[in-house]
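Protein chains get the first letters and strands the later ones, always in sequence-line order, with residue 1 at the start of each. Here the structure is a predicted model, which is why all the values come from computation and not from measurement.
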There are 2 protein chains.
Amino acid sequence: MTKDTKTALLDAAERAVRSRGFDGFSYADLSEDVGIRKASIHYHFATKAELSAALMKRYREALQSACEEIERSSRTAAEQLSQIIEIYRLAMSEGDSLCLCVAFIGSRESLSPAAIDEITSFRKMVISVLTRIFEKGRADGSISSVQDPPKEAQAALSLMEGAQLSARAQEEPAVFDNALALLLGRLT
Amino acid sequence: MTKDTKTALLDAAERAVRSRGFDGFSYADLSEDVGIRKASIHYHFATKAELSAALMKRYREALQSACEEIERSSRTAAEQLSQIIEIYRLAMSEGDSLCLCVAFIGSRESLSPAAIDEITSFRKMVISVLTRIFEKGRADGSISSVQDPPKEAQAALSLMEGAQLSARAQEEPAVFDNALALLLGRLT
DNA sequence: TTAATTCTACCTATCAATAGGTAGTCATGA
DNA sequence: TCATGACTACCTATTGATAGGTAGAATTAA
């Protein structure tokens, strides 16, 4: 049952960060969500900094697994890329949520070094996955007019993150799809 | 001198929001920055909500003027677009700051309806400016392969915002340029 | 086998610090 | 003389965090 409470805390915290930012929720909120006393949260996560690092670590690991699975199972680069885009679309939910990484960056100054390290690792990982996909796309021809894979990767990540932000700002999930329409149009 | 203090408060608050988010600064911080007592800030802005709306309003108006100037003075659509990109690059500063709009969206749940309205107006304005630019770019040929101007506009805005976020996450302003390289490559 | 011990996962009660905000006073310049 | 713009001195609520304790499960030693 220990594990369950800890997981429940991480789940609640993740929802909170993604919808309200790191400075936008408190232990009191988590307490209410999970159903244990505020003070008891400190048993599982001594400080909010520790919680944030754990949160980002879990997120990075989950995304890493998902990416590995995508790279392993998909035939073409176009398929791989559209699956990654799908992950970001789902993370956006109904336009009320952001990728955890995006949510954290806005509160960067409040984060512990450990959490920032996790963010750095996360981005390195995603960029390298995307770079491989664009390289593959240039080779297998499933993504049109690829010239510089690393720059394409950087642009694609920025675009997906920005599209989540836009969708949220305009309170309209379809905005995400509009923003990505051009990129998707390059896929075979 | 009244105007100066009010402006100084808005300036300090804008810096604070852009680097730490809306929930990441307090009246105590502003008080220290501007050099008046915390309580005195309430004379100028009765509530933090009022301050945030004023902040966003000023930002929207400034950007609107800048866009009008760009649309009026620049010859080609390519020139216009690169000038707008330049605005977003400058807003990013050394990678430690975000466009006010981006910074606010992350803290959306904490904002007053008035501030959210301002954000909505701001985005409508930027999207319509960008749409006109892409239409012009298709007409004057200074932006290559433009098919759907509104989608291009949405994508460009998302890309610029996401690129700011990426640059900040990776603590490297050059990331912004890498993310925008593809778009800039389409300009004549 | 069982008694002593330690660990787990919470609890209540409280802390100092900080949040945003209010009331009433004082100085100053037009 | 009176509006402006600042001040001192508060307030209440909430923040993340701590101290100290407890019921019960797990471990260990005789």
Rounded off to whole Å, could you give me the [atom1]-to-[atom2] distance for the [X] and [N] pair?
X	N	atom1	atom2	result
H42(B)	dT22(C)	NE2	C1'	8 Å
Y27(B)	dA13(D)	OH	P	20 Å
I41(B)	dA19(C)	CD1	P	11 Å
Y43(A)	dA17(D)	OH	P	18 Å
L30(B)	dA19(C)	CG	P	10 Å
E32(A)	dT14(D)	CD	P	11 Å

Scan residues 155-188 of chain B for pairs that pass ring-ring contact (aromatic ring centres under 6.0 Å, His included), counting only residues two or more places apart or in two chains. none
Distance, nearest 0.5 Å, that separates OH of Y88(A) from CD of Q164(A):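 Rounded to the nearest 0.5 Å, the OH-CD separation comes out at 7.0 Å.
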With sequence neighbours excluded, residues passing ring-ring contact (aromatic ring centres under 6.0 Å, His included) with Y59(A):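 Checked Y59(A) against ring-ring contact (aromatic ring centres under 6.0 Å, His included); matches are F122(A).
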[X]: which residues meet the side-chain hydrogen bond (donor to acceptor under 3.5 Å, both in side chains) condition with it, sequence neighbours left out?
X	result
Q147(B)	none
R138(A)	none
Q83(B)	S74(B)
E109(A)	none

How would you list all residue pairs meeting salt bridge (Lys or Arg N to Asp or Glu O under 4.0 Å) that involve residues 125-137 of chain A, not counting sequence neighbours?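 Residue pairs passing salt bridge (Lys or Arg N to Asp or Glu O under 4.0 Å), neighbours aside: E71(A)-R132(A).
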Does the side chain of T47(B) get closer than 4.0 angstrom to OP1 or OP2 of dG20(C) through an N or O atom?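 For dG20(C), neither OP1 nor OP2 has a side-chain N or O of T47(B) closer than 4.0 Å.
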H44(B) vs dA6(D): side-chain N/O to OP1/OP2 distance below 4.0 Å: yes
Decide whether a cation-pi geometry holds between K6(A) and Y43(A); the criteria are a distance under 6.0 Å from NZ or CZ to the six-membered ring centre and an angle within 45° of the ring axis.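 No, a cation-pi geometry is absent between K6(A) and Y43(A).
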Going by heavy atoms closer than 4.0 Å, what residues in residues 12-26 of chain A are next to DNA chain D? F25(A), S26(A)
Check nucleotides 11-17 of chain C for protein N or O atoms closer than 3.5 Å to its own N or O atoms and list the pairs.
| residue | atom | partner | partner atom | Å |
| --- | --- | --- | --- | --- |
| dC11(C) | OP2 | R37(A) | N | 2.7 |
| dC11(C) | OP2 | S40(A) | OG | 2.5 |
| dT12(C) | OP2 | R37(A) | NE | 3.1 |

